[in-house]
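The structure under discussion appears below in the form of structure tokens.
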Amino acid sequence: MNRDYNFAYLDEGAKKEIRRSILKAVAIPGYQVPFGSRELPIGRGWGTGGLQITLSILLPSDILKVIDQGSDDSVNAVSIKRLIKECAAVGVTTDSEAATVIQTRHRIPEIPLRGDQILVLQVPEPEPLRLVEGSDLVSRRMHGEKDYNLIWLRLFEDLIQFNEITAAAGYPVMVHDRYVASPSPIPRYDVPKLNMAQCLYLFGAGREKKIYAIPPYTKVEALSFDDVPFQVESFAGHACGKCGARDVFLDEIYDERTGEKYYQCSDSGYCEGRRRGAG
Amino acid sequence: MPDEPVLSLYNPQQGQEYLVEPDEPVLSLSGLTMYYGQGCPECEGDPGRGGDPLRGGDPLRGGEPERKGDPGRGGAPGRGGAPGRGGAPERGGDPERAGGVGLEKNRCPRCGAIWALRGVSLSLFPGEVLGIVGESGSGKSTLARCLYFDESPRAGTLRLLGRPENAFLLSRQARKQIRRESMGMVYQNPLAGLKMDYSVAANIAENLIAANCKNVARLKQRVYELLEIVEIPAYRGKETPASFSGGMQQRVQIAKAIANRPGILLLDEVTTGLDLSVQAKVLDVIKKIIREAGIAAILVSHDLAVIRLLADRTLVMLDGEVIERGLTDQILENPRHFYTQQLVYSLL
Amino acid sequence: MAYVAVSGGEAAILASMDLTGLSRRGEPYFDPGLIEGHLKLLLDRVMSEAGLYGPSIAAAALKQCEGSPEEAVFLLRAYRSTLTREYYSRPLSLDNMRVLRRVSAVFKDIPGGQWLGPTYDYTHRLIQEDAPGARSLEKWLGEDVDPGGPAIFPRVVDILREQGLMRASPDPEGDYFDITKRPLLFPCPRSARLQALARGEAGFIIAMAYSFLRGHTVFHPNVGELRCGYVELLIDYPPERRDTWYAGEILLTEVDCFLPREAAGQSPEREKELRVAAGYGISFGRNETKAIAMSILDCTLDMPGDAPCHDSEFVLLSGDTLEMNGFVSHLKLPHYVTFQSKLDRVREGMRREERRPAP
């Protein structure tokens, strides 16, 4: 068996193709670019899209951070980090300010990213219209005609039935006033970070074979009615048990021995940094 | 409501009604031709009748691959037909479509094409109700569907609301826009016009949202206004149309159709299949709306009684052609074409 | 150790992998060649779903994952991703198949004859610890038996075509779609459809075909011809010089199924005509049921209707082994942030209910 893998596993032909798809995605913010998704040693649905993007853009000088649910230590993040380290000798870090490429599943780091950083997001379902339309052909047509009425109708229906919008994570956003996109299953808390950011956001869906992007300084708005403001998750009254932070997304945890409920920073790197800074 | 009464000139030699109307028509249609199959218009021996299929593009209905019968919905399936209607609503089928019994005589013997409409022309003036009457297979529902862009005709020119271009040739997006902002359609089958997995309120609001109203308070207000006009209690706004009776479903469709205050209302066999008492209620609502809103309407029905009740002018269709047209009263009093006579005399 | 540990996640993973290694080590040790020799049909299935013909690699994969077809297909596809693709072979000349088995259900006898070959169709499914394989082998090796039959078998479809009972198939498109390089977008060309079906997960493909048979007793398809045998693989190399290399033989099963149905008329009357339509199925190895199922789906995907077996998007996108297994099993991954978000909505709803004045 061939154990001499190319730098970053994928062959140069595959990388070239994926980079071309990335460039097209950056040129058309929010538009889902179909690409020839390769099979990788990790499962479909386990991050192959994000991984293909990361592998295609990595340079030997890059410093990589991989998180899942905000944590560097999550099983999925660790597994992906190991695979990348095995076939690409790049530096790794848990510090989001030191990383140049961050691959993430379901969260955006708390500290805003800079212009020299790229955030690669893993996306299970790239099509925001899947909520209301099952057919790919019809959804593509809707994007092409900028006909998003059905999604608005769904949001309105929520308001009629429940008096509030029930869409939780992965809330649909309008990118650059043209395409509705799924921000991947990040919590609503992270959606405002997409708007007018300095960094580049790349989204990879391996199983569904789509890549899309939000370039720096792009207008990104959550779909919301004029008189019903977009609501983010509330952690009022709670703070991180380890570092005391209050204005971040918190994980709700039940102690394995005592069964007691406590809260902790979802962004483990951020928490670590605060504790280090505190002394 | 037009400010001046409609004037008419009756020419007995030509056997036709001429209408002179100081205002512009809201809708002007000429030469609407529709056939199914690989027809060759030359077979008809009249090159003026047929024509190349319009390049206007796809009809707005359908577009889902290989799925017939289900009116353009994704997600959860609807919850079945309406109770209280006579017989199951047809799923995507229609006796006028290819293969239906009524169309055998409309078949070109050489090329096998099935003709639904042959060069139909009409005009609709503001504030009037134009009735279109005919039996199954006459082409009247196809006509309504073409006007609403659910189907793309093979030939024809449609001018709407003073615009100079042929609406059939506009892009999909443009046609969708016109449909949402200037037209309202009530289908015979509520499954075709309503989304059964959304609430009645959402159904009614659909075109309002599409017209870019993103203020929930205003949307709700307008929805409840409309529910009142069609005499549906406001508290039922949260329910889905699936739990409504047939007549109520039609009234929901009506509310949805007029939500955006369109200039044109299309009513396709809206009371067919309903009980007589229920029909009366729906027709009352329609009458009230037309009177108060001054909307122009095209009313398609095979039932001359409905036409008599609502229509100012009437077109009689047979085998895809208009065989008689004129003021409803005059047609009823003095039908000239043999077929019209049969229709009128059969009216109880 | 916590699942998403505060610390030590890496250590937990390493320990888990040790346990997996322990699980896959059984006694006595056996060589993957045993799988190639004794579990051929499992091998065929795995190669078919991976879209990679390599019996020894497939055997190694099966051994590595304790015989799980799901994992083995995964290993093979991932392996294939690392291989550079040098050439496209010439289209296979299936007419020249070295036939092992060839039967037809539509005619009692056919030109070239019905050859039963190796199959389980006539065995009685009684569990026998000592399967009667070895004896037959000696018998065949000992005698000098003329296998009989023509060198090349004519096709049953050609019989129908010559008599006008079946329309000639349209010319294949010049550019073949390669689903390993391009994503499937709909409507898709037939080459894409056939590839997706050929690689589809066996259970899914067979179940979809079954759903059609259960629902449509009016349209009952028949196996027009089933052939199983070895086909030569020829590669034009290098392209300019037109030399042809023989790369070897691969074992394939192909099926033509027939289904009388209405087709658009081509005669001057332009009537709807009743003709026999054919569907095509093919698979690596001896996956007969899957090849038959594929041929049925090739027919049904052209037919209108509401049932899932007529919906190309559904059939072609839901049946890939890696995608279905990967996505279903990914639910085991941590989802607590998204779950937290959903809890927030539910709690908000509950708070709202509390605030509402009592009626």
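Here is the naming used below: chain letters follow the sequence lines, and residue numbers restart at 1 for every chain.
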At a 4.5 Å cut-off on heavy atoms, which part of A:Glu208 comes close to chain C: side chain, backbone, both, or neither? neither
For A:Ser268, which atoms come within 4.5 Å of any heavy atom of chain C: side chain, backbone, both, or neither? neither
C:Lys181 portion near chain A, given a 4.5 angstrom heavy-atom threshold: backbone
Any chance you could measure C:Ser81, atom OG, to A:Asp11, atom CG, to the nearest 0.5 Å? 8.5 Å
Search all heavy atoms of A:Ser135 against all heavy atoms of C:Glu313 and return the closest pair with its distance. OG-OE2, 3.0 Å
What part of A:Ala77 is in contact with chain C, defined as an atom under 4.5 angstrom from a non-hydrogen atom: side chain, backbone, both or neither? neither
For the residue pair A:Glu233 and C:Gln340, establish whether any side-chain heavy-atom pair is separated by less than 4.5 Å. no
Taking atom NZ of C:Lys63 as the centre, report whether more than 12 heavy atoms of other residues, nucleotides or ligands fall under 6.0 Å from it. yes
Between the CZ atom in C:Arg182 and the CD atom in A:Glu17, the distance rounded to the nearest 0.5 Å is 10.0 Å
When A:Val232, A:Asn76, A:Ile186 are compared by non-hydrogen pairs under 4.5 Å with chain C, the top option: A:Asn76
Taking all non-hydrogen atoms of both residues, which atom of C:Pro183 and which atom of A:Gly36 are closest, and how far apart? CD-N, 3.9 Å
A:Ile165 versus chain C, the contacting section by heavy-atom distance below 4.5 Å: backbone
Considering only NZ, NE, NH1 and NH2 on the basic side and carboxylate oxygens on the acidic side, decide whether C:Lys342 and A:Glu252 come within less than 4.0 Å. no
Between C:Leu185 and A:Arg140, does the side-chain contact (heavy atoms from CB on, under 4.5 Å) criterion hold? Intermediate values first, please. CA-CA 10 Å; C:Leu185 292 175; A:Arg140 276 180 15 239; 3.8 Å; yes
Under 4.5 Å heavy-atom distance to chain A, tell me which part of C:Ser329 shows up: side chain, backbone, both or neither. both
Donor-acceptor pair, side chain of A:Arg105 and main chain of C:Pro334, under 3.5 angstrom: yes
State whether the number of non-hydrogen atoms from other residues, nucleotides or ligands found under 6.0 Å of C:Tyr87 atom OH is greater than 12. yes
Please indicate whether C:Arg355 has more than 12 foreign heavy atoms, meaning atoms of other residues, nucleotides or ligands, lying under 6.0 Å from its CZ. yes
In Å, rounded to the nearest 0.5 Å, how long is the span from CD of A:Gln122 to CG of C:Leu333? 8.5 Å
With a 4.5 angstrom heavy-atom cut-off, is it the side chain or the backbone of A:Leu250 that approaches chain C, or both, or neither? backbone
Measure the spacing between CZ of C:Arg345 and CD of A:Gln231 and express it to the nearest 0.5 Å. 4.5 Å
When every non-hydrogen atom of A:Ser266 is compared with those of C:Val337, the smallest separation belongs to OG-CG2, 4.1 Å
Under 4.5 Å heavy-atom distance to chain C, tell me which part of A:Arg38 shows up: side chain, backbone, both or neither. both
Carefully, step by step, assess C:Glu323 and A:Lys209 under the rule salt bridge (charged side-chain N to carboxylate O under 4.0 Å, His left out). CA-CA 11 Å; C:Glu323 291 173 11; A:Lys209 308 178 181 49; 2.4 Å; yes
Between A:Pro185 and C:Thr338, the two heavy atoms sitting closest are O-CG2, 3.1 Å
Scanning both residues in full, the closest heavy-atom pair of C:Tyr336 with A:Asp68 reads OH-O, 4.2 Å
Any chance you could measure C:Ser312, atom OG, to A:Leu137, atom CG, to the nearest 0.5 Å? 10.5 Å
Is it the side chain or the backbone of C:Leu14 that comes within 4.5 Å of chain A heavy atoms, both, or neither? side chain
Check whether any side-chain heavy atom of A:Arg188 sits under 4.5 Å from a side-chain heavy atom of C:Ser341, and report yes or no. yes
Heavy-atom distances under 4.5 Å only: say whether A:Tyr189 touches chain C with side chain, backbone, both or neither. neither
Please rank C:Arg347, C:His330, C:Glu348 by heavy-atom pairs under 4.5 Å with chain A and give me the top one. C:His330
CG/A:Asn163 to CD/C:Glu353 distance, rounded to the nearest 0.5 angstrom? 11.0 Å
Is it true that atom CD of A:Glu260 has more than 12 heavy atoms of other residues, nucleotides or ligands lying nearer than 6.0 Å? no
Shortest non-hydrogen contact from C:Arg352 to A:Phe162? CD-O, 4.4 Å
